[in-house]
J.: 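The structure that follows is given in the form of structure tokens.
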Amino acid sequence: MLDKIADFIATHSLLDRDGMHLVALSGGADSVALLLVLHRLGYTIEAVHCNFHLRGEESDSDESFVKDLCNTLGIQLHIAHFDTVTYSECHRLSIELAARNLRYDYFERLRKDVGAASVCVAHHIDDQVETVLMNIVRGTRLQGLVGMKPISGTIVRPLLCVTRQEIIRFLEKEHQTYVTDSTNLEDDATRNMFRHHVVPLLKTVNPNVEQGILRLSEYMGNVSAIYRQYVADKLSQLGRQQEGGVVISLPRLLQEQHWRQLLFEFLIDKGFNHTQIQQCIRLAFQTDKDGVSDKSATTKTFLSPAYELYVERDTIALYPILPHFNDYRLPDTGTYQLPDGTKISLKFEEKTDGFIVPKDRHIACLDAAAVHFPLVLRRVKDGDRFMPFGMDRFKLVNSYLRDRKVSLYRKRSQLLLEDGSGNILWLVNERIDQRCRVSDSTRKILVVRWLSDNSV
């Protein structure tokens with residue numbers, strides 16, 4: 001078994017000889033075998049054990065076991081304790097999902113703290129078979145038929161090439177004991193139901209069902225790679241980068257034979273759920289290939305945990321969710337740094353003969369006599385009005401931005417500079433207010449500069 005795992009590690013470039021790797025150690029047969037194998041193969045490893053306090057004395061006994069094992073092998077052990085029940089109740093999660101979230105969040109934090117290259121977990125062939133079967137029963141995308149990968153980010157699975165039976169034989173040969181989680185013998189977890197009932201039943205039809213499912217998984221892995229490359233190429237042709245997001249032309253999208261699937265793949269990977277995606281597909285279907293069929297249609301917004309999606313007119317636009325922006329007070333001249341690293345500079349300058357206002361949208365030149373400190377930098381609110389430079393009447397800021405054909409995302413992220421009297425001085429990087437323009441009577445100028453990495 002050692003040679004098989006060594007070859008598997010080498011084939012998939014799972015572990016670095018020069019790096020240190022964490023091993024998730026529950027004390028069960030699989031994780032104990034993983035620890036022994038990597039130790040025997042000469043990798044630099046440290047172990048990590050999570051006590052979820054779900055089984056009373058049994059949980060504490062598992063912790064004592066892994067301590068003794070690591071002491072015997074001379075391996076550094078990290079231990080974390082979790083109040084799993086309280087966490088699951090607060091986050092409205094099942095106990096299984098709560099434990100999984102706590103475990104992997106802790107693994108990643110510890111990995112960074114100790115400088116480990118990866119975290120090794122003990123999933124094996126039997127786990128892979130169960131995972132694929134569960135995905136099929138639940139209804140899965142193509143990726144679900146692939147199952148678990150040898151490498152998923154910083155998580156690696158060196159035992160995906162061996163079966164549970166091989167692991168047990170290895171431990172028996174090594175005279176190595178391990179602990180048995182009593183909950184693994186129960187049927188209350190979905191995986192245990194598949195492990196103890198579904199797979200044995202399938203074996204009555206095909207004694208080699210595991211190998212058949214593994215061949216399916218490997219085949220679908222190759223198919224999935226080709227499919228994902230096709231989708232990525234198509235989406236790169238249809239979309240364009242804009243303001244940190246991606247904008248897709250609906251008329252162009254609808255010219256694609258498989259536009260629904262392309263749109264589905266585009267959105268599902270960004271965390272949107274099936275209901276949101278179906279709503280988006282219905283909206284897209286209202287657009288014909290020559291433009292928008294319903295000109296009165298309003299913009300629809302959808303949110304995922306990390307992205308916001310706008311379906312407006314003849315485009316679909318995807319952007320990272322806007323971070324919250326607190327009103328930022330500027331009490332005097334000087335240079336101020338915002339939380340995102342952007343800087344805004346305020347400086348008084350005497351007006352000289354022949355002064356020309358720079359044609360740079362990142363610079364606002366204002367008549368200092370018309371400005372009353374302190375200033376406030378904030379986002380646009382409904383009802384904000386200003387007098388755009390060159391005009392002699394007030395206009396709603398949102399109307400001005402709409403006339404400029406600014407996207408909804410841009411409207412929501414638009415900042416403005418307001419003075420102590422509540423007058424809007426500048427729509428940042430857009431236009432100043434006519435009332436504070438530099439004129440022939442101006443003696444002193446307030447120069448405001450917006451300094452960011454993408455300023456041009």
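Note that the coordinates shown come from a computational prediction; the quantities given were computed from them, not determined experimentally.
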J.: Just how far is it from atom OG1 of Thr140 to atom CE of Met220, taken to the nearest 0.5 Å?
T.: 9.5 Å
J.: Would you mind reporting whether Leu309 and Phe272 have side-chain heavy atoms less than 4.5 Å apart?
T.: yes
J.: Starting from the C-alpha separation in whole Å, work towards a yes-or-no answer on side-chain contact (heavy atoms from CB on, under 4.5 Å) for Leu142 and Val223.
T.: CA-CA 9 Å; Leu142 182 61; Val223 171; 4.3 Å; yes
J.: Rounded to the nearest 0.5 Å, how far apart are CE of Met1 and CG of Leu36?
T.: 8.5 Å
J.: Taking side chain as C-beta onward, heavy atoms only, is Phe302 less than 4.5 Å from Ile277?
T.: no
J.: Just wondering, more than 12 heavy atoms not from Asp327 lying within 6.0 Å of its CG?
T.: yes
J.: Within a strict 4.5 Å, meaning less than it, do heavy atoms of the Val146 and Gln143 side chains meet?
T.: yes
J.: Work out which heavy atom in Asp83 is nearest to a heavy atom in Thr86; give both atom names and the distance.
T.: OD2-OG1, 2.7 Å
J.: Centroid separation under 6.0 Å, is that true for the rings of His49 and His78?
T.: no
J.: Below 4.0 angstrom, N of the basic side chain to O of the carboxylate: do Arg100 and Glu96 qualify?
T.: no
J.: For Gln211, does its backbone N or O pair with a side-chain atom of Asn208 as donor and acceptor, under 3.5 Å?
T.: no
J.: Side chains of Ile316 and Tyr310: closer than 4.5 Å at any heavy-atom pair?
T.: no
J.: Side-chain donor-acceptor pair under 3.5 Å between Arg17 and Thr44, yes or no?
T.: no
J.: Before giving the answer on side chain to side chain donor-acceptor pair (under 3.5 Å), spell out for Arg191 and Thr131 the whole-Å C-alpha distance, their side-chain angles and the decisive distance to 0.1 Å.
T.: CA-CA 8 Å; Arg191 183 174 290 276; Thr131 297; 3.0 Å; yes
J.: Quick test of your reading of the model: are Arg55 and Asp62 salt-bridged, counting only N-O distances below 4.0 Å?
T.: yes
J.: Please examine the side chains of Trp450 and Ile363, heavy atoms only from C-beta on, and report whether any two atoms are closer than 4.5 Å.
T.: no
J.: Is the count of non-hydrogen atoms from other residues, nucleotides or ligands lying under 6.0 Å from Asp3 atom CG greater than 12?
T.: no
J.: Under a 4.0 Å threshold between the charged nitrogen and the carboxylate oxygen, would Lys381 count as salt-bridged to Glu418?
T.: no
J.: Would you tell me whether Thr154 and Glu108 have side-chain atoms, one donor and one acceptor, within less than 3.5 Å of each other?
T.: yes
J.: Give a yes or no answer on whether the side chain of Ser64 reaches the backbone of Asp60 with a donor-acceptor pair at less than 3.5 Å.
T.: yes
J.: With side-chain contact (heavy atoms from CB on, under 4.5 Å) as the test, would you mind laying out the steps for Val156 and Val121 before giving the verdict?
T.: CA-CA 6 Å; Val156 298; Val121 295; over 6 Å; no
J.: With the threshold set at 4.0 Å, does a side-chain nitrogen-carboxylate oxygen contact exist between Glu430 and Arg361?
T.: no
J.: Taking atom CD as the centre, does Gln176 end up with more than 12 heavy-atom neighbours from other residues, nucleotides or ligands that are less than 6.0 angstrom away?
T.: yes
J.: So that I know where these two stand, are Tyr43 and His39 an aromatic pair - ring centroids less than 6.0 Å apart?
T.: no
J.: Side chains of Asp233 and Gln229: donor-acceptor distance under 3.5 Å anywhere?
T.: yes
J.: Taking all heavy atoms of Phe107 and all of Leu22, pick out the closest pair and write down the distance.
T.: O-CD1, 4.3 Å
J.: Which heavy atom of Leu263 sits nearest a heavy atom of Ile281, and at what distance?
T.: CD2-CG1, 3.8 Å
J.: Under the 3.5 angstrom rule, does the side chain of Thr72 hit a backbone N or O of Asp68 as a donor-acceptor pair?
T.: yes
J.: Does Arg252 pair with Asp314 as a salt bridge, N-O distance under 4.0 Å?
T.: no
J.: Has the side chain of Thr342 got a donor or acceptor atom that lies under 3.5 Å from a matching backbone atom of Leu338?
T.: no
J.: Is it the case that His124 and Asp30 place a side-chain donor and acceptor less than 3.5 Å from each other?
T.: yes
J.: Could you grab the distance from atom CD of Gln414 to atom CG of Asn429, nearest 0.5 Å is fine?
T.: 7.5 Å
J.: In terms of heavy-atom contacts, does CZ of Arg141 have more than 12 from other residues, nucleotides or ligands at under 6.0 Å?
T.: yes
J.: Regarding Ser59 and His53, do their side chains bring together a donor and an acceptor under 3.5 Å, going by distance alone?
T.: no
J.: Enter the distance from Tyr106:OH to His81:NE2 here, rounded to the nearest 0.5 Å.
T.: 9.5 Å
J.: Please step through side-chain contact (heavy atoms from CB on, under 4.5 Å) for the pair Leu38 and Cys120, ending with a clear verdict.
T.: CA-CA 10 Å; Leu38 297 184; Cys120 304; 3.8 Å; yes
J.: Please name the pair of heavy atoms, one in Tyr319 and one in Val247, separated by the smallest distance, quoted to 0.1 Å.
T.: OH-CG2, 3.7 Å
J.: As an exercise, state the distance from CG of Asp126 to CZ of Phe194, rounded to the nearest 0.5 Å.
T.: 14.5 Å
J.: Where do Phe8 and Leu160 come nearest, in terms of heavy atoms and distance?
T.: CZ-CB, 3.8 Å
J.: Name the residue from Glu210, Arg195, Met193, His123 that meets the side chain to side chain contact (heavy atoms under 4.5 Å, CB included) definition with Glu130.
T.: Arg195
J.: Let's go through Leu446 and Leu375 carefully: what are the C-alpha distance in whole Å and the side-chain angles of both, what is the deciding distance for side-chain contact (heavy atoms from CB on, under 4.5 Å) to 0.1 Å, and is it a yes or a no?
T.: CA-CA 12 Å; Leu446 176 64; Leu375 308 185; 4.2 Å; yes
J.: Can you check whether Tyr227 and Tyr230 have ring centres sitting under 6.0 Å from each other?
T.: no
J.: Which heavy atom of Ser304 sits nearest a heavy atom of Ile321, and at what distance?
T.: O-CD1, 3.2 Å
J.: Step by step, work out the salt bridge (charged side-chain N to carboxylate O under 4.0 Å, His left out) result for Asp127 and Arg164.
T.: CA-CA 9 Å; Asp127 294 321; Arg164 167 80 173 184; over 6 Å; no
J.: Is it true that Arg228 and Asp269 make a salt bridge, defined as a side-chain N closer than 4.0 Å to a carboxylate O?
T.: yes
J.: Is it the case that over 12 heavy atoms from other parts of the model lie below 6.0 angstrom from the NZ atom of Lys149?
T.: no
J.: Can you see whether Arg240 engages Ser249 through a side-chain donor-acceptor pair at a distance of less than 3.5 angstrom?
T.: no
J.: Quick check: does any side chain N or O of His197 sit under 3.5 Å from a backbone N or O of Asn192, one acting as donor and the other as acceptor?
T.: no
J.: Tell me whether Glu57 at atom CD has more than 12 heavy atoms from other residues, nucleotides or ligands lying less than 6.0 Å away.
T.: no
J.: So that I know where these two stand, are Phe264 and His274 an aromatic pair - ring centroids less than 6.0 Å apart?
T.: yes
J.: Got a donor-acceptor contact below 3.5 angstrom from the Tyr328 side chain to the Gln337 backbone?
T.: yes
J.: Kindly indicate whether the side chain of Arg410, heavy atoms from C-beta on, has any atom under 4.5 Å from the side chain of Leu401.
T.: no
J.: Return the OG to OH distance between Ser224 and Tyr219, rounded to the nearest 0.5 Å.
T.: 12.0 Å
J.: Just checking, is any N or O donor in the side chain of Asp384 or Asn398 under 3.5 Å from an acceptor N or O on the other one?
T.: no
J.: Should Leu451 and Ser345 count as side-chain neighbours, where that means a heavy-atom distance under 4.5 Å?
T.: yes
J.: Quick one: does Ile167's side chain get under 4.5 Å of Leu159's, heavy atoms only?
T.: yes
